[in-house]
Peer 1: 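Mind looking over this structure? Questions follow.
In each ligand, atom 1 is the first atom listed, and ligand 1 is the first ligand listed.
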Amino acid sequence: MPTRQEAIDLILDHFDHPRNFGAMPNPDSVASGRNPVCGDVVTVCLRITGGRIETASFEGRGCTISQSAASITVEQIIGKSLADLMRMDGDSLAAEMGADVMGSRHRCATLALNALKFAATQYRNGTAIRSQADAPVMDF
Ligand code: FES
């Protein structure tokens with residue numbers, strides 16, 4: 001588990017320099033998630049090959065935790081199988097963002113993860129949305 005300062009530094013670095021940020025051409029599945037309490041939004045795109053996440057990206061707006069967690073989560077899932085993604089919970093985020101954040105801001109931190117799981121589920125069900133413009137915003 002990172003120290004409090006290490007977690008803060010990582011969160012601020014991902015917020016200031018988000019990884020894998022931006023729209024993806026021709027994604028295999030897209031999902032948008034919103035925290036209905038505050039309005040933060042994260043839209044995620046997946047490209048999937050043989051049941052594995054070849055690449056992923058996100059766009060969004062909102063609090064430092066929701067946006068840095070999106071960057072961290074997308075980084076974590078690239079190269080993983082869809083089954084691995086579906087098994088993920090807040091633990092993998094806590095390992096990087098610290099237990100304090102996960103305890104007090106769990107909903108902010110898991111917004112992107114929930115959107116990614118929704119995109120993966122849609123893909124598995126054959127109902128994936130493949131355009132950011134067409135993705136309905138789901139409340140998580
Ligand atoms: Fe909105 Fe964090 S305050 S998700």
Peer 1: Name the residues with a heavy atom less than 4.0 Å from ligand 1?
Peer 2: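 Ligand 1 pocket, heavy atoms under 4.0 Å: N35, C38, D40, C63, S66, R105, C108.
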
Peer 1: Less than 4.5 Å apart, any side-chain heavy atom of L82 and any of I53?
Peer 2: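 SC-SC contact between L82 and I53 confirmed.
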
Peer 1: Would you call V42 and R34 a side-chain contact if the rule is heavy atoms closer than 4.5 Å?
Peer 2: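 No, every pair of side-chain atoms sits at 4.5 Å or beyond.
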
Peer 1: With a 4.5 Å cut-off on side-chain heavy atoms, are M88 and M86 touching?
Peer 2: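 Contact flag for M86/M88 side chains = no.
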
Peer 1: Considering only heavy atoms from C-beta outward, does the side chain of L85 approach that of L113 to under 4.5 Å?
Peer 2: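 Yes; the side chains approach each other to less than 4.5 Å.
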
Peer 1: Under 4.0 Å between a side-chain nitrogen and a carboxylate oxygen: does that hold for D40 and R61?
Peer 2: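 Between R61 and D40 there is no salt bridge, as every charged N stays at least 4.0 Å from the carboxylate O atoms.
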
Peer 1: Can you check side-chain hydrogen bond (donor to acceptor under 3.5 Å, both in side chains) on S68 and H14, steps first, answer last?
Peer 2: CA-CA 5 Å; S68 60; H14 274 269; over 6 Å; no

